[in-house]
Amino acid sequence: MPTSIRAFADLCEQLESTSSRKKKTELLADLFHCVDPDEIGSAVLLMLGRAFPESDSRTLDVGYATISKAWSSKKQSMLFEEELTLNGVTSILGKIAETQGTGSRKVKEHLLQNLFGRVTTKEREYLARSLFGEMRTGVSEGIILDSIALSSGAQNIEEIRNAYMLSGDMSNVAEIALLKGPAELKRIGPEPFVPFKPMLAESIGSVEEALSIMGEAAFEFKLDGARVQIHKKGDDVRIYSRRLTDLTESLPEVVGLSRKSLADDTAILEGEVIAFRDRPLPFQHVMRRITRVHDIEGLRDTVPVKLYIFDILMRNGESLVNLSCMDRWHVLEDAVPEDLLVPRIVTGDPAIAAEFFNLALSEGHEGLMAKSLDSIYAVGRRGKKWLKIKRAQTLDLVIIAAEWGYGRREGWLSDYHLAAVSGDGFAMVGKTFKGLTDEEFKWMTQRLLATAIRKSDHVVEVKPTIVVEVAFDEIQESPTYESGLALRFARIKNIRQDKDPGEADTIETMRAMYESQFKTKDRIVEK
DNA sequence: GTTATATCGGTGC
DNA sequence: GTCCGACATATTCGG
DNA sequence: CCGAATATGTCGGACGCACCGATATAAC
């Protein structure tokens, strides 16, 4: 019996109304028990809010604008039409994805209209969330994996998790686990040309803190570029991003280097690609390279990229993920030329580590990674085995407007427009929604509404009265803000009750900070 | 009919 | 990418 | 020793910046 979209929407509603993780897991497990076997994959993806698995390169190219257009102009349903099933939805999504070329936007919109026209208001709501990619049911990867484990009777959740991290396809993992049994998933390592999720790091404040957790650690330069996973077999080389997309065509230098410098026939390496001239270039330039599809050759000279390798996950066709960090490094040293390796030391001495941190900064890099020496490569996991250490700067800025929040922040002004003092006015340099507690959001909402000048749908302009201390990682050149500058990773550190707007930092100060970044970084002067 | 500009979606951090 | 809050579980505390 | 208070591990959700390509629309 095929599962109707109605059942899906009902379940979503239930999930949303409970905050208990255990309860959510059980509800999902129930779904997996009663769903038609060939609809398991569709159910998982819709529940996740993804049209396709990460390992699938298809995209809908449908977002907020298109969905809301289709939503408001939906056609009336035809009475005799049979009820929509999960696979029915999936097949429509496939059609939307394959539609391209002139007029495709309209076609996509029509397909959506038909889809929306066939369902009830509630079903349409959750369907739209699936398409938009934000379910807001309090269910995502972690809980779905748990429920797959629960309903498939897996002894160990880690088997399920590992299979997902290695394949990047939760629908497939669910199908295998539930239909053939979790034992079928026992692939313990990566395979060439099947990109897997990289191990991730937690942030920490200093090298001292890192050492207090790890005792002794490997410290590596943290480079501000794009994470790459390099797969090689013979002369075939493919480069994958952190989210498993194929970057091979954009990075011919990396392909060439890998082919030339890697003696092994079959290998998987991990590293960082940065834009680099005499010194590192700002991150914006890396983006230019990795999002480029046309005329890559034309940009190679202007924005050269450099590859730094920091891990090896396969050599001679054999998985190395279960070797310790230290052992993998030794294999790596043996496998690739030294000039491709990321700068690295091993120490337990805070003074030496701090000195290395300063060296990284002075050479224009982000900071350091600290890695626990005996840790295996935990595919797709984030934990305290890898720590990232960066240095933030701060500025005192003025809030000149705020935007209404969504979801759990509905009813609060939660996204703030930040400005520096500019002459007798203010110059906007970014927005932030991070750093305040719920209580502070409430307080801020009241304060801002009290000084509101103008209100539109989403934005409330306010009299500039509130000064906040804003932390950030970098100042970027901005095409969106008139000032020409923008903050990267801005977050509020403090509400400066003691400061008047006139005492906030000026745009000149900010420009000077921007310029000083080039004491350690290189810049491109383009005509 | 061709070319410039705007909008949208998807991706990196 | 960063940050906060919520839930579940582990650990410590107080009597 | 046991139940209560507190710490820790994980997950989910809230949204930022820039960039490019593809498509739609405006302007010539």
Side-chain angles (χ1 to χ4, degrees), chain A residues 18-25 49 54 57-67 69 99-108 132-146 161 200-203 223-228 241-245 247 250 272-274 282-296 299 303 366 381-384 388 390 392 403 405-410 412 414-418 429-441 470-481 485-493:
Chain A
T18 173
S19 60
S20 159
R21 287 179 142 71
K22 279 184 149 179
K23 189 77 193 299
K24 287 179 200 278
T25 309
E54 286 143 286
S57 62
R58 286 179 294 170
T59 54
L60 291 178
D61 286 302
V62 151
Y64 176 80
T66 315
I67 292 171
K69 258 194 237 170
T99 305
Q100 49 183 349
T102 311
S104 61
R105 194 122 258 155
K106 272 276 175 296
V107 177
K108 285 175 196 279
F132 191 54
E134 282 183 2
M135 294 310 290
R136 294 178 181 165
T137 52
V139 168
S140 196
E141 281 182 11
I143 289 175
I144 296 183
L145 286 168
D146 279 359
R161 204 182 290 275
L200 302 170
E202 276 182 21
S203 284
L223 312 167
D224 193 10
R227 183 109 179 240
V228 289
S241 77
R242 203 181 100 110
R243 298 226 255 269
L244 316 186
T245 57
L247 301 176
S250 305
E272 188 89 0
V273 169
I274 61 171
F283 178 74
Q284 289 175 284
H285 297 295
V286 187
M287 283 304 289
R288 296 172 65 188
R289 284 297 309 268
I290 59 180
T291 56
R292 180 71 72 121
V293 173
H294 305 302
D295 192 25
I296 288 154
L299 202 61
V303 186
E366 258 192 314
R381 305 307 307 270
R382 192 190 299 276
K384 289 200 166 18
K388 51 183 158 187
K390 301 200 271 184
E403 295 179 31
Y406 295 89
R408 72 180 301 281
R409 292 185 177 178
E410 192 151 2
W412 297 340
S414 60
D415 199 10
Y416 308 116
H417 295 200
L418 306 168
V429 294
K431 295 192 270 188
T432 187
F433 56 95
K434 290 187 284 240
L436 297 191
T437 62
D438 288 1
E439 287 308 308
E440 289 170 320
F441 277 127
V470 177
F472 57 92
D473 282 26
E474 191 191 14
I475 298 173
Q476 305 173 270
E477 210 159 325
S478 171
T480 44
Y481 296 115
L485 299 176
L487 303 175
R488 182 144 84 125
F489 308 141
R491 61 267 190 188
I492 295 176
K493 272 279 126 138

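No hydrogens, no waters, no symmetry mates; every other heavy atom, side chains included, goes into these values. These figures come from a predicted structure and were not determined experimentally.
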So [X], base contact, sugar-phosphate only, or nothing? Heavy-atom distance under 4.0 Å.
X	result
A:Thr432	nothing
A:Ala490	nothing
A:Ser57	nothing
A:Gly383	nothing
A:Leu487	sugar-phosphate
A:Arg242	sugar-phosphate
A:Lys388	sugar-phosphate
A:Arg58	nothing
A:Val286	nothing

Counting only side-chain nitrogens and oxygens, does [X] get under 4.0 Å of the OP1 or OP2 atom of [N]?
X	N	value
A:Thr245	B:dG10	no
A:Arg243	B:dG12	yes
A:Lys106	D:dT23	no
A:Ser414	D:dA14	no
A:Ser478	D:dA18	yes
A:Ser241	B:dT11	no

CD1 of A:Ile475 to CZ of A:Arg488: how many Å apart, nearest 0.5 Å? 12.0 Å

d(A:Lys493 NZ, A:Lys434 NZ) to nearest 0.5 Å is 11.0 Å

Which comes earlier along DNA chain C counting from the 5' end, the contact point of A:Ser20 or that of A:Phe433, where each point is its nearest nucleotide? A:Phe433

Given [options], which nucleotide is nearest the side-chain atoms of [X]?
X	options	answer
A:Thr66	B:dG9, B:dG10, D:dC19	B:dG9
A:Asp438	C:dA8, D:dA18, C:dG5	C:dG5
A:His294	D:dG21, D:dA24, B:dG10	D:dG21
A:Lys384	D:dG16, D:dC17, D:dG9	D:dG9
A:Lys493	C:dC4, D:dA14, C:dC3	C:dC3
A:Arg491	D:dG12, C:dC3, D:dC19	C:dC3
A:Arg381	D:dT10, D:dC19, C:dT2	D:dT10
A:Arg408	B:dG12, D:dA14, C:dT2	D:dA14
A:Phe283	D:dC15, B:dC13, D:dT23	B:dC13
A:Phe489	B:dC13, C:dC3, D:dG21	B:dC13

Once you round it to whole Å, what is the distance between [atom2] of [N] and [atom1] of [X]?
X	N	atom1	atom2	answer
A:Arg105	D:dA22	CZ	P	12 Å
A:Lys390	C:dC3	NZ	C1'	13 Å
A:Trp412	C:dC3	CH2	P	19 Å
A:Phe472	C:dT2	CZ	P	15 Å
A:Glu54	B:dT11	CD	C1'	13 Å
A:Leu145	D:dC11	CG	P	9 Å
A:Gln284	D:dA18	CD	P	7 Å
A:Leu200	D:dC11	CG	P	11 Å

Any donor-acceptor pair under 3.5 Å joining the side chain of A:Arg21 to the base of D:dC11? yes

Residue whose nearest DNA chain D nucleotide is more 5′ - A:Asp415 or A:Gly101: A:Asp415

Using heavy-atom distances to pick each residue's nearest nucleotide on DNA chain D, tell me which of A:Gln100 and A:Lys431 is more 5'. A:Lys431

So do A:Arg382 and A:Glu202 actually touch side chain to side chain, heavy atoms under 4.5 Å? yes

Heavy atoms of other groups near A:Glu477 CD, more than 12 under 6.0 Å: no

Residues, nucleotides or ligands: over 12 heavy atoms within 6.0 Å of A:Tyr481 OH: yes

Could you tell me whether A:Arg408 and A:Asp438 make a salt bridge, using a distance below 4.0 angstrom between a side-chain N and a carboxylate O? yes

Shortest non-hydrogen pair, A:Phe283 vs A:Glu474, comes out as N-OE2, 4.2 Å

Kindly give the heavy-atom pair with the smallest separation between A:Leu247 and A:Ser241, and that separation in Å. CD1-CB, 3.7 Å

